[in-house]
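Lettering of chains follows the sequences in order, A, B, ..., and the numbering in each one begins at 1.
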Amino acid sequence: MTDSASFAALALALADVAALSGRHDKADRLGVLFAELDDADLRRAARWAAGRVFSLSDQRTVSVGFAALLRATMAATGAEEDDLRAALVRLGDPGDVTAGAIEALVPPVESDLTIEEAEGFFEQVAETSGSTAKTALIAGMLARVTPEEARFLVKLLAGELRIGMGEGGVVSALSRLYGRKGATVRRAVMLTGDVGEAAVLARRDRLAEAHLTLFHPITFMLASPAEAKGERTLAEEVARQVPPPVAVEDKFDGIRAQAHVAADPGDEDLHGVPEAGARVALFSRTLDAIERAFPDLVRPLAAFAEAAPRGVILDGEIVPLGPQGEVVPFQALQKRLGRKTASEELQRDVPVAFVAYDVLAIDGEPTLDASFRERQALLDRFDWTGPLRRSVVAEVHDLDTLDALFDAARARGNEGLMVKALDSPYKPGRRGRDWLKIKKALATLDVVVTAVERGHGGRRKLLSDFTFAVRASESDGTLLNVGKAYSGLTDAELAALTEWFEEHTLQTFAHGKVRTVEPEVVVEVAFDNVQVSKRHKSGYALRFPRIVRLREDKPAAEIDTLATVAALAGDA
DNA sequence: ATCCTCGCTTC
DNA sequence: TTCGGAC
DNA sequence: GTCCGAAGAAGCGAGGAT
């Protein structure tokens, strides 16, 4: 009935890939597996190796959390919860925990699971609602497979494959196996939005057939960060990457979105919602359809179908507005985030605008290969009023004006600046030097570490995650937490600190995963913003906190106070 | 009916 | 989003 | 340069617990 290969062979290949270290070695090992599979299995294996259990356009999710996976493992093996939790702390990966438990507690089985059946199993898990039912289903499967198969079933379910490949690795495997150019394979992935589809096209030498389709999202072009560094000024740093003249526009702090609009072809299978004779779709960065949450944008966008009946795809940002139509901080948007719909009341409470800054297709024709300058001209065709705005682009010859432009952008309520190469094409899914995002670091804070947590995966041996605090005031030394961070220190520094924290632990929680420590280690933290918080005792939290350096020279009695944090938040 | 935890997405 | 690390 | 993995705060919503 089916020629689907055994799931055991896939598990073996993934284990090999995980164990190999070189990028090429990993890609070639994956290629050996790909070569043995038929088209249907190739499609599945390519998606899974890239960390996607379903294709991007599929709205279903199978992701199951640690807790449910541990319960399923308990049911399948009879293991004790405490033992499994302890093993999870030790091994850091639920797949390894499950494999270990089966190995130790369950008599060996003969497994004949195929890749096709594994996919059917994932679909069943996705369609089952309720964690109890999901857990029972997973437990049933775990009882009939080998430890190695269970390891990868669980990893895939948890969405934590971590074989060091990702989509880029699969592209490289395909390009090496079938002798296609990496860029060609990558382009097919961008346009189809599905590595599995691209894999089959690569095998058949039909990559050229991948094309951009209205109401099918494509991955967004991304920007690289740029800032003044050491001796180099901002102007010098930017000039190094994009030679002037450059395009400069505000960097908007909202939700990245791709709008698809066309006269309604009446095809029910298309994404998007019908609205006044037009069809409108909005996609988020993960290519999820979000138009239902923004009816206040869908209505006006539908009017664009008159100017471009055969369709247009716009790239832009959804930003929150204040009562006067001015741009307000991102935090206001949180209330509209992750919602399925938006009530009239919410639309009034937190109004939004869509600020368009690029065109990916117009009149049904892709414009990706047109220059940035040419694409900008195409935006002239539309009427930018109400909640539909257009980013103002300046052509800048003298980069020394960047600092002034930056301050002006901030004064308009925006995050900073974008600098773009005028002659660059739109590169879907790429983070290149054609687009630069300019930010400026705020002042830093000196804080003391009050608690530490064990890391995951490669960091599971380190106490890598710090909770830190400021003093209540100059006279009151009470410590108030303001956030957590790990990022910024090297593994070597973390290793040394781990030892110190272990020797100066006050209390441990959660099987040794979390521990409070003597408040002695002072670190300097940087961040992008200070926001009001319910989570931390100080009442504030830092946005994107990262550790700049250890302040071994500074005693805990001299760290910053709550007043400093409040001032940075704008609460004088 | 209400509360809480988890999973997930946004940045 | 951020960062460090590996190649 | 580029990719990958390990991390942060906030809020929504589904489901299970009370």
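- Backbone-only engagement by A:L542 is indicated by non-hydrogen atom pairs under 4.0 Å involving sugar-phosphate atoms exclusively.
- Following rounding to the nearest Å, A:D434 (CG) and D:dG1 (P) show an atom-to-atom distance of 12 Å.
- For A:Q331 and D:dC12, the CD to P distance is 12 Å, given to the nearest whole Å.
- Each of B:dT10, C:dG4, D:dA7 was ranked by its minimum atom distance to the side chain of A:S464; first place goes to D:dA7.
- Of the candidate nucleotides B:dC11, C:dT2, D:dA9, B:dC11 has the atom nearest to the side chain of A:R256.
- Within the 6.0 Å centre-distance limit, the rings of A:F122 and A:W48 are counted as a close aromatic pair.
- Computed from coordinates, the A:R546 CZ to C:dG4 P distance equals 10 Å when rounded to whole Å.
- At the heavy-atom level, A:F544 lies under 4.0 Å from base atoms of the strands shown.
- In this structure, A:S284 does not reach the B:dT9 phosphate: none of its side-chain N or O atoms is under 4.0 Å from OP1 or OP2.
- A side-chain hydrogen bond (donor to acceptor under 3.5 Å, both in side chains) with A:S391 is found for one member of A:K251, A:E317, A:E249 and no other, namely A:E249.
- Whole-Å rounding puts the A:Y486 OH to C:dC3 C1' distance at 6 Å.
- The distance from atom CG of A:L436 to atom C1' of D:dG1 is 13 Å, rounded to the nearest whole Å.
- With C:dT2, D:dG1, D:dC3 as the candidates, the nucleotide lying closest to the side chain of A:R186 is D:dC3.
- You'll find that the side chain of A:Q334 is closest to D:dG11, out of D:dA9, D:dC3, D:dG11.
- Taking the six-membered ring for Trp, A:F501 and A:F466 have ring centres closer than 6.0 Å.
- Note on A:D296 versus A:R348: no salt bridge recorded, every NZ/NE/NH1/NH2 to OD/OE distance being 4.0 Å or above.
- The residue A:R336 sits apart from the nucleic acid: no heavy atom pair falls under 4.0 Å.
- Of the side-chain N and O atoms in A:R339, one or more sit less than 4.0 angstrom from OP1 or OP2 of D:dC12.
- Rounded to whole Å, atom C1' of D:dA7 lies 10 Å from atom NZ of A:K484.
- Within the 4.0 angstrom heavy-atom criterion, only backbone atoms of the sugar-phosphate kind lie near A:R430; the bases stay farther away.
- The side chain of A:T490 sits closest to C:dG5 out of B:dT9, C:dT2, C:dG5.
- Contacts of A:R459 with the nucleic acid, taken as non-hydrogen atoms under 4.0 Å apart, involve only primed sugar atoms and P, OP1 or OP2.
- Remark: A:K440 is positioned above the aromatic ring of A:F406, its terminal NZ or CZ atom under 6.0 angstrom from the ring centre and at most 45 degrees off the axis.
- The residue A:H24 sits apart from the nucleic acid: no heavy atom pair falls under 4.0 Å.
- Separation of the P atoms belonging to C:dG5 and B:dC4 is 40 Å when rounded to the nearest angstrom.
- Judged by closest nucleotide on DNA chain D, A:G432 is the one of A:G432 and A:P545 placed further toward the 5' end.
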